[in-house]
Amino acid sequence: MNAGTAQMSGGDPTATQLSLSANSACRSAWFAQEGDLIVSPIAIPTDLLFFIGATLNFDASSLSTLVPEGTGDSPILNDCTLLSNTLVERLNGHIRRNFSSWKIHSCYSSEGVARLAALLGIPQSGDDFALQRGPDLLNRKSHFRQLATSVALPLPSGCATTNPDELFRAVTSLRSESGSVIVKLDNGAGGVGNVILTGNESGPLPGARDTRAVAWPSLDPEALWSELTTASCKTLVVESYHLARALFYLEYEIEEDGSIVFINSGNIRLRRSKDRSERALIWTGLELPSDLTNEQWLAAQAHAYRFVELARTLGYRGMINIDGIFASDGRLFFNEANGRWGGGSVLHSIAVRLLGIEYSGRHVISSVRNVPSCSLQAALDRFVRHGFLFDGTRKEGVIPLAVDQDAGTVECLVIARDRPTARALQHSLLAMVN
């Protein structure tokens with residue numbers, strides 16, 4: 001569970017990124033199957049593990065968990081920790097005692113994961129690419145533009161910048177196309193590094209942590225550069241900004257033999273904050289499958305598949321997801337790709353195990369973040385009381401995935417037969433009070 005590492009979030013993760021990584025560790029426990037060993041930067045609550053086993057119908061007591069020494073309260077499982085002598089010895093001891101055919105399933109295929117696999121005697125296709133830090137190519141916004149251009153993906157006009165002068169020239173050149181630009185930190189996972197600059201008065205726009213109305217002649221590129229770059233990342237990508245009519249992602253897996261498997265697609269759901277001074281939209285969750293029209297779906301799939309083929313040719317193996325939009329004028333643009341687990345990966349995994357591989361033709365599933373609840377048991381009690389809890393016979397209802405005790409909220413998975421039912425249930429969840 002190595003989400004939030006420097007490869008994804010840079011060497012200076014923000015409080016928001018740290019929180020996302022901690023929540024990711026608990027959510028990712030839903031990948032577990034009987035007999036698995038979970039290596040996590042934080043302790044996974046026992047009640048959550050047993051609820052996962054009960055929901056997915058396996059014996060959770062067969063699971064083993066390992067929290068490496070020295071991680072403290074940090075929710076980051078970095079390569080240095082993965083390769084520590086103590087952790088390698090503990091993992092080797094567990095593997096020798098359990099004569100299974102072991103595989104490593106990591107969020108991010110880092111150099112450290114590949115070296116760990118070699119130390120444990122678990123060979124994996126794609127490790128040579130990971131040993132050269134190849135997956136980093138698939139998790140940088142500047143690299144995405146370079147690779148995407150080589151396979152003719154439709155991209156917003158843009159460029160990479162490496163100093164304030166380049167930043168100023170890029171903003172000046174690109175703002176004329178739509179009246180707005182988006183400036184992105186090269187490796188700022190979770191959207192925390194993105195800022196939208198617009199010449200028009202506007203509320204928060206999708207895709208960034210801040211939307212700013214700018215009098216262009218007064219733009220201070222030195223100040224913007226200093227604000228957005230970090231000690232570990234001195235590259236910013238600037239793009240013309242296009243308002244989205246539909247925000248979506250496509251996720252694939254490049255298997256060990258090089259075959260490409262489409263995994264899932266989904267809508268990215270955002271809403272305005274009740275606080276009108278808030279400069280960012282609130283990410284409320286994902287909805288699978290996406291509600292793109294057949295024409296939109298075919299166009300997006302044809303382009304995205306070419307990019308995945310390129311990643312396969314480079315040597316990457318594992319999960320890869322690609323974000324895109326259909327703009328308000330109908331044009332298709334791709335924004336970025338990530339060679340790692342995506343936001344929909346675990347949702348898809350749960351849906352397949354509960355509903356079958358063809359679930360998307362019969363069900364709509366969605367994640368709902370920030371549902372008020374102080375604990376897993378409190379959430380379960382309330383969902384039972386309201387008749388919301390997932391029913392394995394009816395194949396509908398709500399499953400609490402992970403609890404953020406500091407925030408007093410729980411992330412949930414909603415399973416419904418159609419979109420109106422799913423969205424009504426999402427609304428009911430968010431309207432709950434402790």
Self-check item: Rounded distance [0.5 Å steps], OG in Ser290 versus CG in Leu292
Solution: 3.5 Å
Quiz item: So, Arg340 versus Asn338: side-chain donor-acceptor pair below 3.5 Å or not?
Solution: yes
Quiz item: Is the closest basic N to carboxylate O distance between Arg423 and Glu287 below 4.0 Å?
Solution: yes
Exercise. Could you please spell out the steps behind the side chain to side chain donor-acceptor pair (under 3.5 Å) verdict for Ser110 and Asp79?
Key: CA-CA 7 Å; Ser110 67; Asp79 283 0; 2.7 Å; yes
Quiz item: How many angstroms lie between atom CG of Leu147 and atom CG of Leu314, to the nearest 0.5 angstrom?
Solution: 6.5 Å
Quiz item: Side chains of Ser157 and Glu239: is there a donor and an acceptor less than 3.5 Å apart?
Solution: no
Self-check item: Verdict with reasoning, Ile254 to Val308, per side-chain contact (heavy atoms from CB on, under 4.5 Å)
Solution: CA-CA 8 Å; Ile254 305 174; Val308 180; 3.8 Å; yes
Quiz item: Hey, are the side chains of Glu251 and Ser265 touching, using non-hydrogen atoms and a 4.5 Å cut-off?
Solution: no
Self-check item: Geometric class of the Trp341/His105 ring pair [parallel <30°, tilted 30-60°, perpendicular >60°]
Solution: tilted
Practice problem: Using modelled atom types only, decide if a donor and an acceptor are shared between the side chain of Arg353 and the backbone of Leu56 within a distance under 3.5 Å. | Solution: no
Quiz prompt | Side-chain (Thr229) to main-chain (Lys234) donor-acceptor, under 3.5 angstrom | solution = no
Quiz item: Would Phe326 and Phe333 count as a close aromatic pair, with their ring centres under 6.0 Å?
Solution: no
Quiz item: Among side-chain atoms of Tyr252 and Asn264, is any donor-acceptor pair under 3.5 angstrom?
Solution: no
Quiz item: Is there a donor-acceptor pair closer than 3.5 Å between any side-chain N or O of Gln132 and the backbone N or O of Phe129?
Solution: no
Practice problem: Begin from the C-alpha positions of Phe144 and Phe334 and carry the test side-chain contact (heavy atoms from CB on, under 4.5 Å) through to its verdict. | Solution: CA-CA 10 Å; Phe144 171 69; Phe334 288 96; 4.0 Å; yes
Quiz prompt | Within 6.0 Å of CZ in Arg133, more than 12 heavy atoms from elsewhere | solution = no
Quiz item: Who are the ring pair (Phe, Tyr, Trp, His ring centres under 6.0 Å) partners of His143, not counting sequence neighbours?
Solution: none
Exercise. Mind checking side-chain hydrogen bond (donor to acceptor under 3.5 Å, both in side chains) for Asp329 and listing every partner two or more places apart, or none if nothing turns up?
Key: Arg331
Quiz item: Distance-only, no hydrogens or angles: does the Asn194 side chain make a donor-acceptor pair with backbone N or O of Ala208 under 3.5 Å?
Solution: no
Self-check item: Donor-acceptor pair, side chain of Arg312 and main chain of Phe307, under 3.5 angstrom
Solution: no
Exercise. For atom CG of Asn294, decide whether the heavy atoms of other residues, nucleotides or ligands shown that lie under 6.0 angstrom number more than 12.
Key: no
Practice problem: Please name the pair of heavy atoms, one in Ile76 and one in Ala3, separated by the smallest distance, quoted to 0.1 Å. | Solution: CD1-O, 3.8 Å
Quiz item: Side chains of Leu197 and Ser180: closer than 4.5 Å at any heavy-atom pair?
Solution: no
Quiz item: Between Ser176 (side chain) and Ser173 (backbone), is there a donor-acceptor pair under 3.5 Å?
Solution: yes
Quiz item: Any side-chain heavy atom of His242 within less than 4.5 Å of one from Glu177?
Solution: yes
Quiz item: Nearest 0.5 Å, what's the CG-CG distance between Asp36 and Leu49?
Solution: 11.0 Å
Self-check item: Min side-chain heavy-atom separation Asp186-Leu236 under 4.5 Å
Solution: no
Exercise. Using the side chain to side chain contact (heavy atoms under 4.5 Å, CB included) rule, pick out the option among Leu347, Ile399, Asp391 that qualifies with Ile415.
Key: Ile399
Self-check item: 4.5 Å side-chain heavy-atom contact, Leu167 and Leu224
Solution: yes
Exercise. Identify the heavy atoms of Tyr241 and Leu205 that sit nearest to each other, and give their distance.
Key: OH-CB, 3.5 Å
Quiz item: Within the distance-only criterion (no hydrogens, no angle test), does the side chain of Asn139 pair as donor or acceptor with the backbone N or O of Pro135 below 3.5 angstrom?
Solution: yes
Practice problem: Give the minimum heavy-atom separation between Gly343 and Leu286, together with the two atoms involved. | Solution: C-CD1, 3.3 Å
Quiz prompt | Atom pair CG (Asp220) and CH2 (Trp225), whose distance is rounded to the nearest 0.5 Å | solution = 13.5 Å
Quiz item: Can you check whether Ala424's main-chain N or O pairs, donor with acceptor, with Ser428's side chain at less than 3.5 Å?
Solution: yes
Self-check item: Qualifying residue, where the test is side chain to side chain contact (heavy atoms under 4.5 Å, CB included) with Phe388 and the options are Leu380, Val414, Leu425
Solution: Leu425
Self-check item: Counterpart residues, side-chain hydrogen bond (donor to acceptor under 3.5 Å, both in side chains), relative to Glu309 (two or more places apart)
Solution: none
Quiz prompt | Residue pair Ser375 / Gln405, side-chain donor-acceptor N/O under 3.5 Å | solution = no
Practice problem: Determine, step by step, whether Thr409 and Val371 satisfy the side-chain contact (heavy atoms from CB on, under 4.5 Å) criterion, reporting the C-alpha distance in whole Å, the side-chain angles of both residues, the deciding distance to 0.1 Å, and the verdict. | Solution: CA-CA 5 Å; Thr409 60; Val371 176; 5.9 Å; no
Practice problem: For Val364 and Asp418, work out which heavy atoms get closest and say how close. | Solution: CG2-C, 3.8 Å
Quiz item: What heavy-atom pair brings Gly342 and Ser345 nearest, and what distance separates the two atoms?
Solution: N-OG, 2.8 Å
Quiz item: Counting distance only, does the side-chain N/O of Glu34 pair as donor-acceptor with the main-chain N or O of Asp59 below 3.5 Å?
Solution: yes
Quiz item: In Å and rounded to the nearest 0.5 Å, what is the CD1 to CD1 distance from Ile182 to Ile196?
Solution: 4.5 Å
Exercise. Check whether any side-chain heavy atom of Ser64 lies under 4.5 Å from a side-chain heavy atom of Leu37, and answer yes or no.
Key: yes
Quiz item: If you measure from CZ on Arg27 to CG on Leu413, what distance do you get to the nearest 0.5 Å?
Solution: 11.0 Å
Quiz prompt | Side-chain donor-acceptor pair present, Thr162, Glu166, cut-off under 3.5 Å | solution = yes
Quiz item: According to the interplanar angle, ranging from 0 to 90°, do the rings of Trp30 and Phe51 count as parallel (below 30°), tilted (30 to 60°) or perpendicular (above 60°)?
Solution: perpendicular
Quiz item: Any idea which heavy atoms bring Ile365 and Ala351 closest together, and the distance?
Solution: CD1-CB, 3.6 Å
Self-check item: Test item: Ser62 side-chain N/O and Gly35 main-chain N/O as donor-acceptor pair under 3.5 Å
Solution: yes
Quiz prompt | Salt bridge flag under 4.0 Å for residues Arg317 and Glu253 | solution = no
Quiz item: Side chains of Leu250 and Phe248: does their closest heavy-atom pair fall under 4.5 Å?
Solution: yes
Self-check item: Asn335 side chain near Ile325 side chain, heavy-atom distance below 4.5 Å
Solution: yes
Practice problem: Would you check, one step at a time, whether the test side-chain contact (heavy atoms from CB on, under 4.5 Å) holds for Val113 with Asn2? | Solution: CA-CA 9 Å; Val113 170; Asn2 60 337; 3.6 Å; yes
